[in-house]
*Asks:* 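Okay, here's the structure, questions in a sec.
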Amino acid sequence: HLSIRRQRQMCIRDSESCPVASLAPGGQTICTASYTVDQEDLDAGKVENIATVDTDQTTPLNTNKVTINAVQTTTFTAVKASTNTSYSAAGDVLNYTITVTNTGNATLTGLSISDDLTDDESCPAASLAPGAQTICTASYTVTQEDVARESVSNFAVIETDQTDPQKTNTVTISYVLDEDAVKDAFESLSYNF
């Protein structure tokens with residue numbers, strides 16, 4: 001009796017098949033098997049497998065190891081945005097979101113964000129499965145220099161263990177004069193003669 005079994009521990013289904021159950025001296029047969037790749041295989045970058053062949057007359061014999069490499073795509077998009085459309089004074093707080101989406105077929109780990117302007121960057125997820133998305137946040141307090149400059153522009157840099165650093169789009173928020181505040185200031189002026 002001729003049998004074959006695979007040593008791969010994560011078999012999706014048992015599909016080993018041999019066309020004959022016995023072999024005459026010098027005889028040969030070609031057995032087949034199939035395996036369905038899972039996400040862990042894609043993340044590992046390869047599938048390695050050894051089969052074990054056994055008969056009634058012999059001890060089990062391992063075949064050579066077969067390695068099939070995965071074609072990984074490690075890509076993502078990162079879009080920066082803000083709910084603030086303008087600012088009018090020093091001390092105003094600008095709030096940013098950075099939406100990161102895994103557009104590849106492998107899991108991305110070690111997700112981190114850096115921003116030269118902000119210092120409170122935060123991402124709720126450190127890893128992203130294919131197709132998954134996370135929304136990172138950051139904020140910035142407007143300075144008097146920003147008022148004089150009349151705009152605040154910046155971008156963030158996103159990095160993972162599997163990818164090179166990638167810049168987001170640049171977000172520009174403009175200074176807009178608060179006419180009501182100016183009017184109130186003038187109305188509160190007192191004059192001494």
*Asks:* From the options D120, N84, T118, N95, select the one residue that forms a side chain to side chain donor-acceptor pair (under 3.5 Å) with S139.
*Replies:* D120

*Asks:* Under 4.5 Å between side-chain heavy atoms, counting indirect links through other Ile/Leu/Val/Met/Phe/Trp/Tyr residues: same cluster for I135 and V171 or not?
*Replies:* no

*Asks:* Atom CG in N64, atom CD1 in I50: separation rounded to 0.5 Å?
*Replies:* 8.0 Å

*Asks:* Testing the 3.5 Å rule here: is there a donor-acceptor pair between the side chains of E121 and T137?
*Replies:* no

*Asks:* Do I158 and L111 touch side chain to side chain, with heavy atoms closer than 4.5 Å?
*Replies:* yes

*Asks:* Would you say Q39 and P130 make side-chain contact, with heavy atoms under 4.5 Å?
*Replies:* yes

*Asks:* Does any donor atom in the side chain of T101 or Q133 lie under 3.5 Å from an acceptor atom in the other side chain?
*Replies:* yes

*Asks:* To the nearest 0.5 Å, what is the distance between CG on D92 and OH on Y140?
*Replies:* 11.5 Å

*Asks:* Do the side-chain N and O atoms of E145 and T143 include a donor-acceptor pair separated by under 3.5 angstrom?
*Replies:* yes

*Asks:* Just by modelled atom types, is the T107 backbone N or O under 3.5 Å from a matching donor or acceptor in the D43 side chain?
*Replies:* yes

*Asks:* So, the side chain of S174 versus the backbone of S151: is there a donor-acceptor pair under 3.5 Å, distance only?
*Replies:* no

*Asks:* Using every non-hydrogen atom in the two residues, find where F76 and Q166 come nearest and quote the distance to one decimal.
*Replies:* O-NE2, 3.2 Å

*Asks:* Is the backbone of V47 close enough, under 3.5 Å, to the side chain of N69 for a donor and an acceptor to pair up by distance?
*Replies:* no

*Asks:* Hey, does the Lys NZ or Arg CZ of K80 hover above the aromatic six-ring of Y96, less than 6.0 Å from the centre and inside 45° of the axis?
*Replies:* yes

*Asks:* May I have the step-by-step check of side-chain contact (heavy atoms from CB on, under 4.5 Å) for L61 and D54, ending in yes or no?
*Replies:* CA-CA 6 Å; L61 176 66; D54 194 11; over 6 Å; no

*Asks:* Quick check for you: to the nearest 0.5 Å, what is the distance between I173 atom CD1 and S86 atom OG?
*Replies:* 8.5 Å

*Asks:* Looking only at atom types and distance, does a side-chain atom of T168 sit under 3.5 Å from a main-chain N or O of A156, one as donor and one as acceptor?
*Replies:* yes

*Asks:* So, T170 versus S153: side-chain donor-acceptor pair below 3.5 Å or not?
*Replies:* no

*Asks:* Would you indicate whether the side-chain heavy atoms of V79 and I98 approach each other to under 4.5 Å?
*Replies:* no

*Asks:* Kindly indicate, with the supporting measurements, whether the criterion side-chain hydrogen bond (donor to acceptor under 3.5 Å, both in side chains) is fulfilled by N154 and D115.
*Replies:* CA-CA 8 Å; N154 84 310; D115 191 316; 2.7 Å; yes

*Asks:* Would you say Y35 and D41 are linked by a side-chain donor-acceptor pair, where the criterion is simply a distance under 3.5 Å?
*Replies:* yes

*Asks:* Between the side chains of T109 and D161, is a donor N or O closer than 3.5 angstrom to an acceptor N or O?
*Replies:* yes

*Asks:* Which heavy atom of S122 sits nearest a heavy atom of I113, and at what distance?
*Replies:* N-CG2, 4.4 Å

*Asks:* What pair of heavy atoms forms the shortest contact from T77 to T103, and how long is it?
*Replies:* CG2-CG2, 3.9 Å

*Asks:* With side chains defined as the heavy atoms from C-beta onward, is the minimum distance between P124 and T134 less than 4.5 Å?
*Replies:* yes

*Asks:* Hey, what do you get for CZ (R149) to CD (Q144), rounding to the nearest 0.5 Å?
*Replies:* 11.0 Å

*Asks:* Of all the heavy-atom pairs spanning V147 and A90, show the shortest one and how long it is.
*Replies:* CG2-N, 3.6 Å

*Asks:* Any side-chain heavy atom of L128 sitting closer than 4.5 Å to one from V100?
*Replies:* yes

*Asks:* Could you list the cluster mates of V66? Members are the ILVMFWY residues connected by side-chain heavy atoms closer than 4.5 Å, either directly or through other members.
*Replies:* I68

*Asks:* Look up atom CG in L117 and atom CG in L94, then write down how far apart they are to the nearest 0.5 Å.
*Replies:* 8.0 Å

*Asks:* Only one of T141, V93, V142 forms a side-chain contact (heavy atoms from CB on, under 4.5 Å) with Y87, so which one is it?
*Replies:* V142

